[in-house]
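Some notes on the structure that comes next.
Below, all heavy atoms of this structure are taken into account, side chains as well, without hydrogens, waters or symmetry copies.
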Amino acid sequence: MALSTFSKATLILSATLFITYATAHDFSIVGYSPEHLASMDKTIELFESWMSKHSKAYRSIEEKLHRFEIFLDNLKHIDETNKKVSSYWLGLNEFADLSHEEFKSKYLGLRVEFPRKRSSRGFSYGDVEDLPESVDWRTKGAVTPVKNQGSCGSCWAFSTVAAVEGINQIVTGNLTSLSEQELIDCDRSFNNGCYGGLMDYAFQYIMSNSGLRKEEDYPYLMEEGRCIREKEQFEVVTISGYEDVPANDEQSLLKALSHQPVSVAIEASSRNFQFYKGGIFTGRCGTQMDHGVTAVGYGSSEGTDYIIVKNSWGPKWGENGYIRMKRNTGKPEGLCGINQMASYPTKEK
């Protein structure tokens with residue numbers, strides 16, 4: 001539905017009379033119902049309720065009208081997709097007032113053009129034969145709550161940290177939330193803060209700089225800050241090394257994943273990824289990796305195999321911050337290239 005289909009003057013008047021609700025309406029899981037598409041008044045009401053739910057505020061009526069137009073276009077895409085797709089569904093989330101190009105520029109940050117720093121170690125799990133049918137490191141206490149990178153392109157740091165948090169808990173029994181901000185501020189060998197990086201370089205930084213501080217000692221800013229190098233008075237978590245999973249080999253990825261959370265790279269630039277709400281994602285995507293995430297398990301549901309992926313867009317996105325991505329696609333690179341560039345940290349007991 002385009003802005004031209006209704007009176008702009010009427011919309012401006014309606015915009016000035018919008019009521020700010022104390023609480024958002026209790027919509028369905030996708031954030032809207034058919035009645036919200038039945039009339040412009042209902043759609044405006046939906047937009048206002050969505051604004052309240054996500055604490056959105058705009059500087060002017062003109063900006064509000066612009067964001068409403070984008071919201072309408074996104075709502076149309078979400079509804080049309082949900083009518084056609086059955087394995088997963090899309091929903092209105094905090095990104096619903098962003099065009100797809102705006103979203104990609106703000107929330108992706110993997111820099112695959114960097115020369116990858118290959119590990120000198122081999123693949124420790126190559127000899128693993130008997131894989132469990134399913135693994136979920138969340139239930140084993142090795143995954144911290146979902147974090148939110150904000151509009152800083154620091155996904156690479158969140159992917160790295162989640163993998164290190166996992167192996168540290170597995171080896172020591174202590175689940176410790178670690179600092180993405182230290183990586184953003186201080187790891188400048190090739191990584192570039194809010195403008196992208198790669199997980200292997202971040203693992204190398206942690207090895208070369210005597211560990212990584214706790215999040216509480218070096219909290220996240222959602223922007224680049226000044227590197228604070230003094231560590232003597234702080235507790236740090238160390239790793240022994242890191243290893244790369246053989247590329248385009250899903251079985252090797254599962255072998256590693258059966259032992260610990262794994263950093264993976266994916267192409268997350270599809271519009272359906274932006275609004276994913278639940279189910280097993282089977283959407284169209286390529287292999288131009290642009291987002292770093294963390295695989296934390298795998299399983300099957302009603303005959304469809306999937307990998308559980310922890311994202312860094314906050315707990316309101318997807319399945320409480322996670323996405324289940326289809327595996328066994330028949331393509332070596334996997335869905336969205338998930339099998340192409342996986343790696344994991346190692347830690348001696």
Below 4.0 angstrom, N of the basic side chain to O of the carboxylate: do [X] and [Y] qualify?
X	Y	answer
Asp79	Lys83	yes
Lys64	Glu48	yes
Lys104	Glu101	yes

What pair of heavy atoms forms the shortest contact from [X] to [Y], and how long is it?
X	Y	value
Tyr58	Asp97	OH-OD2, 2.6 Å
Ile239	Phe203	CD1-O, 3.7 Å
Val135	Ser258	CG2-CA, 4.0 Å
Asn320	Val146	O-CG2, 3.5 Å
Met199	Val264	CE-O, 3.6 Å
Ala295	Leu257	O-CD1, 3.2 Å

Whether [X] and [Y] hold their rings parallel, tilted or perpendicular, with breakpoints at 30° and 60°:
X	Y	value
Tyr125	His259	parallel
Phe158	Tyr220	perpendicular
Phe71	Trp50	tilted

Return yes when atom [atom1] of [X] has more than 12 non-hydrogen atoms of other residues, nucleotides or ligands closer than 6.0 Å, and no otherwise.
X	atom1	value
Gln288	CD	no
Gln233	CD	yes
Lys106	NZ	no
Glu235	CD	no

Whether the side chain of [X] engages the backbone of [Y] through a donor-acceptor N/O pair (distance < 3.5 Å, no angle test) should be reported.
X	Y	result
Glu63	Arg59	yes
Trp89	Ile78	no
Glu165	Val143	no
Arg213	Ser179	no
Glu243	Ser124	yes
Ser263	Ser159	yes
Asn74	Ala96	yes
Ser240	Glu348	yes
Asn148	Pro315	no
Lys347	Thr238	yes

Is there a side-chain contact between [X] and [Y], using heavy atoms and a 4.5 Å cut-off?
X	Y	result
Val309	Phe281	no
Arg271	Thr81	no
Tyr298	Asp305	no
Leu221	Ile184	no
Asn272	Leu90	yes
Asn311	Ile323	no

Could you give me the CA-CA distance, side-chain angles and deciding distance for Ser154 and Glu180, then say whether side chain to side chain donor-acceptor pair (under 3.5 Å) is met? CA-CA 8 Å; Ser154 52; Glu180 292 84 9; over 6 Å; no

Under 3.5 Å side-chain donor-acceptor pair for [X] and [Y]:
X	Y	value
Glu182	Tyr205	yes
Ser33	Lys42	no
Lys147	Ser177	yes
His54	Asn93	no
Thr287	Glu333	no

Working to the nearest 0.5 Å, report the span between [atom1] of [X] and [atom2] of [Y].
X	Y	atom1	atom2	value
Cys227	Leu183	SG	CG	10.0 Å
Met289	Ser269	CE	OG	12.0 Å
Ile338	Thr329	CD1	OG1	10.0 Å

Step by step, would you call Phe103 with Trp313 a ring-ring contact (aromatic ring centres under 6.0 Å, His included)? CA-CA 11 Å; Phe103 172 78; Trp313 295 341; 5.1 Å; yes

Should the pair Arg324 and Tyr306 be classed as cation-pi, given the thresholds of under 6.0 Å to the six-membered ring centre and 45° from the axis? yes

Tyr218-Phe234 aromatic ring centre distance below 6.0 Å: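 No, ring centres 6.0 Å or more apart.
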
